[in-house]
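Accompanying notes for the structure given below.
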Amino acid sequence: MEMMEAPISASQGAMRSLPRKLESLLSGPKQGLRAEEKKKLRGLQADLQGLIDNYLFEPSEVESPASTANFWMKDVRDLSYDIDDFIYELTHVAVSGGSGARISAAQIQKLPGVKISRFPEKLKRRQWISDEISGFRTRVKEAIQRHKAYLGGCRWRPSSSVQHSAPSPCSQAAIRLVGMDSSINQLCGWLANDGQPEHKVASIVGTSGVGKTTLAREVYRKIGGQFECRAFVQTSRKQDMRMLLASILSQVRRHHLPDSFEVHKLLFDIKEHLHHKTYIIVIDNLWASSTWDIISHALPKGNCCSRILSTTEVDAIAQTCCADTSKYIFKKEPLSEDESRELFLGTVFGHEAGCPQVLKEVSNEIIKRSGGLPLAIIILASLLAGQPASSIEHWNYIKNSLSSDSSTNTSLEGIKQVLNLGYDNLPHGLKACMLYLCLYEEDRVIWKEDLVKQWIAEGFICAVEVAQSYFDELVSRGMIQPVDINCNDEIMSCRVHHMVLHFIRYKSTEENFSIALDHSQTTIRLADKVRRLALHFGNVQYATLPMTASMRLSQVRSLAFSGLLKCMPSFVEFRFIQVLILKLLPDPDNRSDNFTGSDDLSGNITEPDDLSCNLSEISELFRLRYFHLDACHMSVEHPTQMKQLKDLVAWEIDADVTAVPSDIVDVPGLFFLSIPSVAQLPADIGRMTSLRTLGVIDLSKNSTENIMCLGELINLQDLHLTCSTLQPDNLEKNLECLGLIVRKLSNLKCVTLVPAVSSHVKTQDDVGAPSMSISWDGFTTVSPSPALLQRLELSRHCFILSSLPEWTKDLTKLGILKMAVRKVSSEDVVILKGLPSLTALSLFVWTTPTRRIIFDNEGFLVLKYFKFVCLAPCLGFLDGAMPKVQNLKLGFNANRMERYSLVAAGFEHLVGLNKLSTKIGGAGTNECNRRSAELVFADAISKHPSTPIINIQWVDWNYCGNYDKYTEAPKEIWKQLGVQEKNLEGDANKLPYISAWLAALRASHLQNMVNDVSEAENRRLGPSIGDDELDEDSNTAVKEALRLVEQWDSVAPGVRLVFESPEDGEEYLAAASCLMGAAGRHVEWALQVAMTRLEEEFHQLLISGTVSLTAEDLHAFLLPRLSLTVPTSNYTSSIDLDYTWTSDEGDESTGWGTLSSVSDGEISPYLMLPDTRSALKDFPDVMHNPLCLILPDTVSTLKDIADVMLSAGYAPELSLVYSEVRRNMLVECLDMLGVDKMSLEEVQRVEWSILADKMKKWTQALKVVIQGLLPEERRICNQIFAADAATEEECFTEAAKGCVLQLLRFGDAIAIGKRSSEMLFRILDMYEALAELLPELEALFSGEGKD
């Protein structure tokens, strides 16, 4: 995105852009100007060009008379803005009136959307143009005359002071920690999680700019990972407590938006969440003890390890935080002279020894005058970084600009001197960007991408890339402080130090660049023409803008408003506005609090009344280029038309919006479009070919046609997607479309897909929000690949790929890759090695490979961040691997640590590693085991040449387990049917159970496969059997087991199965059991090979042993009960086609016991044998018994395999295989029963006669499934997984879920679809069948499946 005009300048305003704008007006096809008007405009254009070429300068270049130069420049700047407004106004009227039109002022004011308040009622258009041009030309000539009179002999500053080079590329993070090592160690010693249930509060106190925040951040970075919850917040002088508490809550309870913004509710939620958890909270920049008093009420002082760190400039506040004790108060002193020299010279030259001899004296003097304040030292050093050694004049100029009075150096006045120097020496284009920060609040986190778009909309910068580089340079110069840094080491957000912000606001007011006001500044004197305005009203109920009689708001170009909706000024007052930023806060008057006591923070809080923000007036802001609305708590009424906003560049809405104006597709230059995920894409979005960034699009909610239209956005660079759980069928279709879209969008640089986050869904960091993974291979077929792609993030909570797409190897520009795959092979590692630009890699592997994934010294040369999540820590690093990796994150289950030695992982070969973070899954692990694991990690990292930070976190859930979390959906099906809860026999818990089924997504589990073993791994595993792996005294049984496993490993399962012979199967299981009790690297390898073999044969036996059922078999279950005496080879059995379940005691129950037949009132154990099925085939009018789903012999073999694998800890792999096969079988049975997989749209399109038949089949199928198929499936699970009740429950739930969901989704589609009178009885039949069978359905499930 580029502009044709010269950029807007902080000092020169729009002056340099005016000649080109006048040329565009004069040469335009619809300028509507008379010849005499054109002539006058040509004269004005010539006058302006003369002023620019001969007189215009940068005020910071003038050393004397500086004040005169500033005053002259202020007049020129105001003139430039007035002419710029005139050109826009003239252009708009000309286009509206048409060429040569003579329109009176009154007529112009009546034109739709045109408001020109300055037109006197009787003044003709041409007279107005003539008068304006004459006035402007007079002002230009006067400016030139004043320049000649007062500025002709001005003295200029040294040229090097304004021809500044960029700071050296040395590591800012490393430099700024100079002199802090001992301080960090002391604070970490105080606050580290040492396992003691103690509540500690520490405080850092020191003068402004001394480095308190930097110190606190480093302590937080080093020990934050030791705690279950953590938060880092910054306060301000005029603190909004709701926003501060909401920030704490959002950090300690991630992926869960606050339910309320009331202070008492936020306090209660924070305290409730932190109860019985370890936590560390950093409160930076405390200004008032009252703020601490409120925050401290939210932080429990229980028996868990809790730590709080505050920073402040006030000793009394530090004493208050630490309960009037100085034990944990740390006094942050300025840097010593030696430390200051190290920081200063390291920033300027890269290292202290790099300073030339000729500059040592002047550099020492500058260091002394810096006062030892890191903030001042960094800014001063950035002014001199990159300057040649010969620029001694510039060094002396910097020295002489600083006070030699040591008392001034550490005061506000001394910092102001430094900041003024830093500002004056900024490149001209950066000054406006820096002053623009004035519009933000003191404690605000400012996002880089927002600033970039706002700077471009204001006209400060020509292109996105330039704007991004400006942001980075402000960081490197110390003018702004980085906050969020992504895994690619890119700074994503910043804060402005309060002293820097104070200076920026002073400078902005002085130059009338912008002004920021809060509710207390009611008497402040404002300029007559305010160009940029920020109103920070917060929660104040009746805040108003201070107005003077001469002040006009029409000239405002940027407005940033933060406050209540009722305090927001009317948009129509700002008719020249280009940037509009609105942050609307919840109104306390619209909430009702029902509390019974002051101490009861858990009382009922009613939801806020519906708030609505009407944006219709925005359609009249014809000059608008950037609009951002943050009002997530209220609904928004969009303008009915937007196509007249021809200059609009960015439209960003974060509010309750379900759609966007349809004519937004007609806005010609829209580059950035951000809408809530709940909003529908507009039709014909494919016409918006100017778009560069689009988000957040929900693949579940938008139609396939709209998703396919995204492929027409040929200039799209950033695509941000999400998916919810509401319409899974639609999601799958749109995911398939996504592969086609990516193929078309050749300019794509970034694609992200993350799950939708709701304030009503509680999630965990690694488990996801909300988890609903499905198998999807659409990306594996993308061809050609998006060659320009730099960032690809596909959350594992949305889908999992079968393997790494082959086309990944073509992504030579890819820097960030986040992906989930079923398996990783050696070929995949080779592909990843070949990505030359890869700096951040996050890999989630669903199945455990047979051997370690080995990373050698090839590839990954620029990789800095590596995250690996799998069932087991199955990776290893050889010498020279990943030389630049700094941050390594691992996730695995506790029960897999023994199989993969962490000591042998080779962490010591990651020479650049400075942080190792690990999350270990597995509930029930005791403290002793945790301590043992921590010691193992310490041992594994002990060989590392440096001392990386180690953070270990234990979580209750398992990786790669059942991530499907059922959420309660609305009881829509019951409401649509007109059924009250009391009609369900008072069993209220049935409704959420069924609703949960309706909302849950089908999950696809993945088959575990065996990967090839690399040569490097063979070397790590050591010699094969027969060498010195086992000594002479080793157990003979173990040797024989190793030999047997190795022998079968050479025989592919497709050639011959071990369990084709019962003897071979028994021998192989015995060998596997033997290996479980042995130790050694080769034993470890053999056991993994054996488990993989058993898993594969379990899978094949499960398929081959399944009984093939026909539609007749299934429908026969519906016949009335019929007792038969069936002769078999050994006995005569009485078989009843109706059956019950009996417990082990013989009583009829809903528990799990023995399947029994009922004959003549007696209950006898029943076993369906193959002979019985053969006998039944002789009776043509009687069904085959539908309850035999797997042959009994096969069930017995499967049980034997399962027993061994469960003992070895391979329950997840076993569960995945069983669930996948059995789920597909049950769904096939449902298809044979006539229950098709249909969406709501498909149901509504079906003719009534066909639909009636499907509804009848559904009712019949419901009985077969709940009374036939599922009980038999439950019995099979009970037999096979008798050794592990949890695995039995998981396998049955996963196998049955797809079948049950398909049934219930059809019922849901019928319930919420169109209805007619003839459908009523069919719907009632469906309801009655479901109500009758609901208790039996519930009885089939227990544990999580029932919840």
Side-chain angles (χ1 to χ4, degrees), residues 58 60-64 66 154-180 209-211 334-410 413-428 430-431 472-479:
E58 186 67 29
S60 59
E61 299 174 4
V62 178
E63 186 172 0
S64 177
C154 60
R155 186 169 70 250
W156 304 94
R157 290 178 178 173
S159 58
S160 60
S161 66
V162 292
Q163 300 297 324
H164 178 74
S165 302
S168 60
C170 51
S171 172
Q172 294 292 328
I175 287 176
R176 297 186 185 190
L177 296 180
V178 169
M180 289 192 178
V210 78
L335 299 179
S336 66
E337 187 170 331
D338 288 341
E339 292 170 340
S340 299
R341 183 177 296 104
E342 181 184 352
L343 177 58
F344 180 82
L345 297 180
T347 304
V348 176
F349 301 108
H351 51 87
E352 189 174 353
C355 179
Q357 187 65 35
V358 68
L359 296 177
K360 284 193 174 181
E361 182 179 351
V362 65
S363 66
N364 286 335
E365 190 61 33
I366 293 174
I367 290 167
K368 289 179 182 178
R369 299 186 183 189
S370 69
L373 299 180
L375 175 64
I377 294 172
I378 290 292
I379 294 174
L380 291 172
S382 69
L383 300 179
L384 300 166
Q387 293 286 342
S390 59
S391 59
I392 184 68
E393 182 183 1
H394 183 54
W395 282 67
N396 283 320
Y397 168 75
I398 297 295
K399 180 197 72 173
N400 295 331
S401 300
L402 300 172
S403 172
S404 59
D405 185 358
S406 59
S407 62
T408 304
N409 297 336
T410 56
E413 186 62 32
I415 292 292
K416 185 178 177 181
Q417 290 178 359
V418 173
L419 291 172
N420 204 57
L421 270 174
Y423 175 78
D424 287 343
N425 285 271
L426 284 175
H428 302 330
L430 264 180
K431 291 181 178 178
D472 294 337
E473 188 163 355
L474 285 175
V475 172
S476 68
R477 290 173 179 272
M479 295 299 189

For this session: Evaluate side-chain contact (heavy atoms from CB on, under 4.5 Å) for Asn396 paired with Glu393, printing each intermediate quantity in order.
Result: CA-CA 5 Å; Asn396 283 320; Glu393 182 183 1; 5.8 Å; no
Exercise. Looking only at side chains, do Ser340 and Lys368 share a donor and an acceptor under 3.5 Å apart?
Worked result: no
Exercise. Looking at Leu426, Asp472, Ile379, which one forms a side-chain contact (heavy atoms from CB on, under 4.5 Å) with Arg477?
Worked result: Leu426
Problem set entry | Mutual orientation of the aromatic rings belonging to Phe344 and Trp395 [parallel < 30°, tilted 30-60°, perpendicular > 60°] | perpendicular
Exercise. Heavy atoms, side chains only, cut-off 4.5 Å: are Arg341 and Asn364 in contact?
Worked result: yes
For this session: Considering non-hydrogen atoms only, spot the tightest contact between Leu375 and Gly478 and give its length.
Result: CD1-O, 3.9 Å
Problem set entry | Side-chain heavy-atom pair Leu380, Leu421 within 4.5 angstrom cut-off | yes
For this session: Under the side-chain contact (heavy atoms from CB on, under 4.5 Å) rule, collect the residues that match up with Ser336, sequence neighbours excluded.
Result: Asp338, Glu339
Problem set entry | Partner of Leu343 by side-chain contact (heavy atoms from CB on, under 4.5 Å), out of Ile378, Val348, Ile367 | Ile378
For this session: Give a yes or no answer on whether the side chain of Asn420 reaches the backbone of Lys416 with a donor-acceptor pair at less than 3.5 Å.
Result: no
Problem set entry | Non-hydrogen atoms of Gly179 and Leu335 that approach each other most closely | CA-CD2, 4.4 Å
Exercise. Taking Arg369 for the side chain and Leu402 for the main chain, is one N or O donor matched with an acceptor at less than 3.5 Å?
Worked result: yes
For this session: Starting from the C-alpha separation in whole Å, work towards a yes-or-no answer on side-chain contact (heavy atoms from CB on, under 4.5 Å) for Ile366 and Leu384.
Result: CA-CA 11 Å; Ile366 293 174; Leu384 300 166; 4.0 Å; yes
Exercise. What pair of heavy atoms forms the shortest contact from Ser476 to Ser382, and how long is it?
Worked result: O-CB, 4.2 Å
Exercise. Would you say Leu345 and Ser363 make side-chain contact, with heavy atoms under 4.5 Å?
Worked result: yes
Exercise. Above 12 or not: heavy atoms from other molecules or residues under 6.0 Å from CD of Glu361?
Worked result: no
For this session: Report yes or no: does Gln417 contribute a side-chain atom to a donor-acceptor pair with the main-chain N or O of Ser403 at less than 3.5 Å?
Result: yes
Problem set entry | Closest non-hydrogen atom pair between Thr347 and Ala385, with its separation | O-CB, 4.1 Å
For this session: Show your working on side-chain contact (heavy atoms from CB on, under 4.5 Å) between Glu473 and Leu430 and close with a plain yes or no.
Result: CA-CA 9 Å; Glu473 188 163 355; Leu430 264 180; 3.7 Å; yes
Problem set entry | Rounded distance (nearest 0.5 Å) linking atom CD1 of Ile398 with atom CD of Glu365 | 14.0 Å
Problem set entry | Side chain proximity check, Tyr423 to Ser60, heavy atoms < 4.5 angstrom | no
Exercise. Any side-chain heavy atom of Tyr397 within less than 4.5 Å of one from Leu383?
Worked result: no
Exercise. Between Glu337 and Glu342, is any pair of side-chain heavy atoms under 4.5 Å apart?
Worked result: no
For this session: Mind running side-chain contact (heavy atoms from CB on, under 4.5 Å) on Val418 and Ser370 for me, showing each step along the way?
Result: CA-CA 8 Å; Val418 173; Ser370 69; over 6 Å; no
Exercise. Between atom SG of Cys355 and atom NZ of Lys360, what is the distance when rounded to the nearest 0.5 Å?
Worked result: 6.5 Å
